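Everything below concerns the one structure shown next.
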Amino acid sequence: MRAARRNSEIGPETRPGAARPGHRAGPRRVLAALKLYWILASASVRAAMQYKFDFVTSSIIQAVTGAIDYYFVAVILWKFKTIAGWDIYEVGLLFAVSKIGIGIYRVFSEELEQFERYMVTGDFDSVLVRPWPSLLVVLSRRVDLSRLSLALQGMGVAAVCVPQLLRSGKLTWGDIGFLALACACSAVLFFVVGLAAASAAFWITRIDELQVFTQNAPATATLHPLEIYPGWLRVVLLTALPFGVGNYVPVRYLLGKGGTWMNLVWPLIACAVGLTVSLKLWHAGEAAYQSTGS
Amino acid sequence: MKESSIAIRASGLKKSYLVPVRKTGFMAGLRQVFSQDKREIRAVDNVSFEVPRGQFVGYIGPNGAGKSTTVKMLTGILHPTSGSVTVNGISPQRERQMLSREIGVVFGQRTQLWWDLPTVDSFDILAAMYDVSPGDYRRFKEEFHDLLGIGEFLNTPVRRLSLGQRMRADLAAAMLHRPEVLFLDEPTIGLDVVGKGKIREFLKRINEREGVTILLTTHDLRDIEELCDRVLVINHGNLVYDGDLANLRDRAGLPTALSVKYAVMPPGIRAGQYLARNGQPSPTPRDGAWMVTRVDAPNRTVEVAFDRTRSTAPAVLMAMQELGEVRDVSLTEPLIDDIIKRLLDDQ
C-alpha cells in the first residue's frame with residue numbers, strides 16, 4: 001500500500017523543517033520564477049484574447065483619454081507659451097517619461113489595480129496555496145497588453161518633442177540613455193506606490209479611493225513642472241508619492257533647468273528604498289490577511 | 001505517536017478577529033465611523049488534534065463553527081492568533097511555499113482553475129508551477145481520465161464546465177503534483193447524487209490505494225458516513241467531539257430502528273406500544289421495553305426503536321421473533337444531522 005511505502009520513505013529529506021526537493025533557492029529559483037512568470041503571463045494574454053472586442057475598445061479608450069490629458073496641457077501652453085519657464089516640448093518630455101512609466105507599470109501590474117477584488121471575494125486564498133511568492137502569482141494573473149497604449153502615447157509625444165529639444169540644443173544624444181533610465185525608474189516608482197496601495201487592502205479591504213488618491217491624482221499632477229505647485233505638494237510628489245522623482249527630477253537636470261548629476265541618481269535610490277518598503281508592507285499584509293467566510 | 005507518522009498536528013489553535021461594535025440610535029452610521037469600540041470574535045478557540053498519515057477525517061459542524069478557518073490555518077492561508085500547526089512536519093505559516101508542494105486544497109465554492117482558458121491549460125500551468133515532469137504529467141492525464149473522466153472536457157473553457165465537471169477538474173488539479181495531504185472544503189456542495197457519488201468514489205480510492213491523508217469539511221453528512229474513519233465536530237470554535245461515527249451515534253443517544261417483515265402480520269400490535277424483552281407487547285415502558293414506532297399491516301412490517309447504548313440489535317430481533325415468523329430484517333441508523341444537532345444541543 002502506498003501509505004506504507006510513503007511512511008517507510010520518511011527520511012532526512014522529509015523530517016520536520018528539512019529542506020524539501022523542489023524548494024530551490026538562489027539563481028535557479030529566480031530562473032524558474034521567470035520561466036513560470038512567462039508561462040502564466042502568456043496564459044493571461046490568451047485569456048484576455050477570449051474577449052477581443054473588449055481588448056480593442058479598452059486600448060482605444062485609453063489612447064483617447066491619454067491624448068485628452070496631453071491636450072489640456074497643450075492648450076495651456078498654446079495660450080501662455082510656457083508654464084513656470086517650461087515650453088511645450090519640455091513639458092512634453094515630462095509627459096512622455098511619466099506616460100511610458102505608467103504604461104509599463106500597468107501592462108505588468110494591472111492586477112494590483114484590481115487587488116481589492118482579491119480581498120472582497122477571498123480570491124487571495126487560492127494565491128496562498130501555490131508554492132511561489134504570492135506577489136509573483138498575483139502579478140502573473142494578468143499581463144494587460146491594452147495598457148501598452150499608454151506607453152505608446154508617451155512614445156508618440158517623445159517622438160515629437162525629443163527631436164525639437166535636440167535641435168534646440170537643450171538635449172544631447174547622450175541624454176537619450178538617461179531618459180530611457182528615467183522611464184524605467186518611473187515605471188518602478190508607479191509599481192512601488194501601486195504595491196503599497198494594494199498592500200493596504202490587507203487591512204482596510206476597500207482601496208479604490210486610495211488608489212485614485214495615491215496614483216491617478218499625483219500621476220496627473222506630475223505631467224506638469226512641479227514649480228507650479230505649492231511647497232508642501234512638491235514635497236509630497238518627491239517623497240511619499242514620488243512620481244516627480246521619476247520624471248521631473250532627472251528631466252529638470254537633463255534640460256539644464258537646475259540640479260546636479262545626483263538628479264540622475266535620485267530616481268535609482270528612490271526605486272531601491274521604495275521597493276524595499278512596499279515589499280515589506282506586502283509581506284506584513286500577507287500575514288495579516290483575514291480571508292472571507294465560505 | 002511517532003512524529004513521522006503524523007500528517008497534521010494542531011495544538012492550541014486559536015484565531016480571533018476584532019470587529020467594530022455596532023452602534024444603534026441617533027446617527028448610528030456616523031458614530032460608527034469614528035467609533036474605536038471593538039469586540040473579539042473567536043472563530044477557532046483552542047483546537048488541538050493530530051491526524052495520522054493515511055487517515056480520512058471528517059471535520060464537521062454548523063455554519064460559522066470555524067471549519068473553514070481551521071482549514072485555512074492548516075494550509076497557510078491564515079495565521080493563527082496563537083497555537084501552532086504542522087502539516088507533514090512543516091509550519092504552514094513559516095514555510096508556506098514549501099508546504100504547498102505537499103498538500104492539495106479544494107474549495108468547493110471557489111474554483112482554482114483559470115476561468116477563461118481550456119481546462120487543459122490550467123493543468124499545463126499547474127504542472128509547470130509544481131515542476132511536474134512531462135512523463136508524470138502524461139500519466140496524470142491518463143490516470144485521471146480513468147478516475148474522474150477529465151478527458152471529456154479537457155478542451156472546454158473552465159467557465160463553460162458544469163458544476164460537477166468543474167469539481168472533478170478542481171480535484172484533479174489538486175492531485176496533479178501528488179500531494180500527501182488533501183484538504184477539501186465542501187467538495188460536494190451543490191452537486192447532484194451522481195456527481196457526489198463520483199467524487200466520493202474517487203476520494204475513497206485515493207485514500208485507500210494511495211494513502212493520501214484527507215481532511216474533509218462538509219455539510220453533506222453522507223460524505224462522512226461513506227468516507228471518514230474519524231469525525232471531528234466543531235461548534236463555536238471549540239472541538240466538541242473527536243472519535244468515530246459509531247461512538248458519535250452512541251453519544252447522541254438517538255434511537256436506531258429495527259424493521260421486521262413477518263410471514264403473517266402479528267395480531268394486536270400497534271404503534272406507540274412497547275415490546276418487552278420477552279417479546280410480549282405492553283402499553284407502558286418497563287424493564288427496558290422498546291417502543292413500537294411503526295406498524296404497516298398491508299406490508300406485514302413492524303418497526304421498533306432502541307438505544308444502541310442500552311440494547312443490541314440481536315436482542316431486539318430475538319424479542320421481535322417471538323411475535324411471529326420473520327421474513328426480512330432491516331436496520332436504520334439515526335440520521336447524522338440529527339446526531340450532530342443532539343450533540344450540539346447537549347453542549
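Worth saying up front: this structure is predicted, and the values here are computed from it rather than measured. Only heavy atoms go into these numbers, but all of them, side chains included; no hydrogens, no water, no symmetry mates. Labels below follow one simple rule: chain letters A, B, ... track the order of the sequence lines, proteins then strands, and each chain is numbered from 1.
- Contact annotation for A/T121: only backbone heavy atoms (N, CA, C, O) come within less than 4.5 Å of a heavy atom of chain B.
- The residue among A/D123, A/V129, A/L36, A/L40 with the most heavy atom pairs within less than 4.5 Å of chain B is A/V129.
- Within the 4.5 Å cutoff, the side chain of A/E113 has heavy atoms near those of the A/Y105 side chain.
- The greatest number of non-hydrogen atom pairs below 4.5 Å with chain B, out of A/S42, A/A43, A/A288, is found for A/A43.
- Ranked by heavy-atom pairs under 4.5 Å with chain B, the first of A/S134, A/A287, A/S291 is A/A287.
- Ring geometry for A/F243 against A/F190 counts as parallel: the plane angle stays under 30°, on a 0 to 90° scale with 60° as the upper cut.
- Between B/F144 and B/F140, the two ring planes are tilted [angle within 30° to 60°].
- Checking side-chain atoms of B/R96 against main-chain N and O of A/L128 turns up a donor-acceptor pair under 3.5 Å.
- Contacts between B/K15 and chain A at a heavy-atom distance below 4.5 Å involve the side chain alone, from C-beta outward.
- Classified by interplanar angle (parallel below 30°, tilted 30° to 60°, perpendicular above 60°), the ring pair B/Y130/B/H177 is parallel.
- Checked against the 6.0 Å centroid criterion, the rings of B/F123 and B/Y137 do not qualify as a close aromatic pair.
- Of the two parts of B/F183, neither the backbone nor the side chain holds a non-hydrogen atom closer than 4.5 Å to a non-hydrogen atom of chain A.
- Heavy atoms closer than 4.5 Å to chain A are found in the side chain of B/L126, but not in its backbone.
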